[in-house]
Amino acid sequence: MRLPFSIPDHDRRLIPDGRLAGIMPWIIAIMLFLTALSAATAIRLGYSVQANSSGLARQATVQLLEPDPAARATDQKRIAAWLERFPGVSAVRAVPESEARQLLEPWIGSAVEDAGIPVPALIDIAFASPPDNAQLRALRIQLVRQTSNARVDTHSSWIAPLLSFLRTILWIALSVLLLLLVATAATVALSVRAALNTHRSTIEIMHMMGSTDLQVARLFQRRIALDSLFGGGLGLSAAILVLVLVGQRFSALGSGLLAGESFPIIGWLLLALIPLAVTGLAMLMARWTVLSALKRML
């Protein structure tokens with residue numbers, strides 16, 4: 001039984017270079033390794049931007065700027081109970097003061113607690129759906145009626161610059177991915193042209209014996225397909241190894257936008273399709289290069 005991309009014995013004699021003997025499979029392996037890493041970066045960033053955008057758009061924090069500790073604790077309980085009844089709010093959590101102090105400690109150290117600096121009382125709220133400007137304005141107006149020392153901060157407002165940066169990196173990764181595919185196609189074209197020049201006399205004899213341009217093109221097309229499959233499998237395996245190691249590093253962070261989130265299953269499926277896509281691209285490029293070159297050659 002012969003595989004679809006296998007080369008018959010007489011074809012091997014016409015083009016004697018073994019598929020693992022030349023440099024082409026290794027070049028494709030390197031190109032596909034970089035392509036897979038670029039695709040994984042784009043998938044990961046796109047998944048992170050989507051997940052964080054939808055989640056943070058529904059969250060907000062209420063700050064109670066009351067200097068008196070007893071009044072601050074009383075207002076926190078009262079406002080939290082009032083927010084639970086506010087239309088559109090699905091969850092309310094009063095942040096303990098110790099946790100609020102821990103949030104400030106990375107920036108100002110232990111000076112907050114040592115100097116007795118008052119820390120605003122925080123209340124995290126989550127909306128059932130992302131609130132619009134009118135809903136947020138109504139919340140602020142009614143909250144001021146409850147206490148004049150309250151302020152509402154939406155999470156999407158302070159995270160927006162970071163999400164915009166991630167989107168920029170996403171577009172850069174997609175651009176790099178496109179450039180790598182173009183470079184792979186150009187590499188295949190150069191390799192096929194070099195092989196055509198090497199076997200020019202053989203091709204002329206094949207034409208005199210009745211071979212058509214399509215038969216010659218299929219000969220090179222199958223050879224490129226085998227090179228691409230071998231190089232693609234090797235490059236993808238190396239890329240997956242790197243992604244697993246990097247994923248373990250991200251998991252060790254324990255927090256952040258990219259930490260603690262597994263690579264999506266659909267992402268692994270898309271990465272697995274890259275060698276097949278590159279093989280198809282290489283075959284089409286080889287076919288077009290051979291046919292166009294033969295028209296000028298003969």
Side-chain angles (χ1 to χ4, degrees), residues 1-42 173-240 242 270-298:
M1 181 177 179
R2 182 176 292 133
L3 297 175
F5 297 133
S6 62
I7 299 179
D9 293 337
H10 60 275
D11 286 353
R12 292 193 181 95
R13 289 193 295 269
L14 289 174
I15 302 180
D17 296 336
R19 64 177 181 272
L20 303 183
I23 196 174
M24 186 62 187
W26 308 104
I27 293 178
I28 292 181
I30 295 173
M31 300 297 288
L32 196 133
F33 171 76
L34 298 175
T35 301
L37 290 183
S38 299
T41 301
L174 291 175
S175 300
V176 172
L177 175 60
L178 179 60
L179 290 176
L180 286 171
L181 292 178
V182 172
T184 301
T187 302
V188 171
L190 292 175
S191 175
V192 171
R193 287 183 182 276
L196 282 172
N197 292 329
T198 301
H199 302 287
R200 184 187 182 98
S201 58
T202 302
I203 295 173
E204 292 176 349
I205 295 174
M206 291 175 62
H207 274 95
M208 287 188 294
M209 295 179 63
S211 297
T212 64
D213 290 350
L214 286 177
Q215 289 175 326
V216 177
R218 293 193 190 101
L219 184 66
F220 287 90
Q221 188 175 319
R222 287 192 295 264
R223 178 69 66 185
I224 288 295
L226 289 173
D227 289 346
S228 299
L229 285 176
F230 172 78
L234 184 63
L236 180 63
S237 299
I240 289 177
V242 172
L270 291 175
L271 290 182
L273 293 177
I274 289 180
L276 299 179
V278 170
T279 299
L281 175 64
M283 291 175 64
L284 291 176
M285 198 65 193
R287 184 185 185 93
W288 175 82
T289 302
V290 172
L291 292 177
S292 61
L294 290 178
K295 289 180 181 179
R296 297 190 299 268
M297 184 184 300
L298 301 174

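All values below come from the heavy atoms of this structure, side chains included, with hydrogens, waters and symmetry mates left out.
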Side chain to side chain contact (heavy atoms under 4.5 Å, CB included) assessment of Ile28 paired with Met24: CA-CA 6 Å; Ile28 292 181; Met24 186 62 187; 3.5 Å; yes
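- Taking both residues in full, the closest heavy atoms of Pro25 and Phe230 are given as CB-CD2, 3.6 Å, listed atom of the first, atom of the second, then distance.
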Decide yes or no on side chain to side chain contact (heavy atoms under 4.5 Å, CB included) for Thr289 and Arg193, but give the supporting numbers first. CA-CA 7 Å; Thr289 302; Arg193 287 183 182 276; 3.6 Å; yes
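- Atom-to-atom distance recorded for Met283:CE and Asp227:CG is 12.0 Å, nearest 0.5 angstrom.
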For Leu234 and Trp26, run side chain to side chain contact (heavy atoms under 4.5 Å, CB included): C-alpha distance rounded to whole Å, both residues' side-chain angles, the deciding distance at 0.1 Å, then the answer. CA-CA 8 Å; Leu234 184 63; Trp26 308 104; 3.3 Å; yes
Just list the side-chain donor-acceptor pairs under 3.5 Å for residues 178-188, sequence neighbours left out, or say none.
residue : atom : partner : partner atom : Å
Thr184  : OG1  : Leu180  : O            : 2.8
Thr187  : OG1  : Ala183  : O            : 2.8

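- If you take CD1 on Ile224 and CG on Leu281, they are separated by 11.0 Å, rounding to the nearest 0.5 Å.
- By the side-chain hydrogen bond (donor to acceptor under 3.5 Å, both in side chains) test, Arg218 pairs with no residue at all, sequence neighbours left out.
- Residues passing the side chain to side chain contact (heavy atoms under 4.5 Å, CB included) test with Leu190: none are found, sequence neighbours excluded.
- Contacts of Ala39 classified as side chain to side chain contact (heavy atoms under 4.5 Å, CB included), with partners at least two apart in sequence or in another chain: Leu177, Leu271, Ile274.
- Annotation for Leu32 and Gly232: closest pair CD2-O, 3.2 Å, computed over non-hydrogen atoms.
- Interatomic distance, CE of Met285 versus OG of Ser228, reported as 12.5 Å (0.5 Å rounding).
- Taking CD1 of Ile27 as the reference point, atom OG of Ser191 lies at 7.5 Å (rounded to 0.5 Å).
- Legend: residues meeting side chain to side chain contact (heavy atoms under 4.5 Å, CB included) with Ile240, ordered by chain and number and at least two apart, are Leu236, Val244, Trp268.
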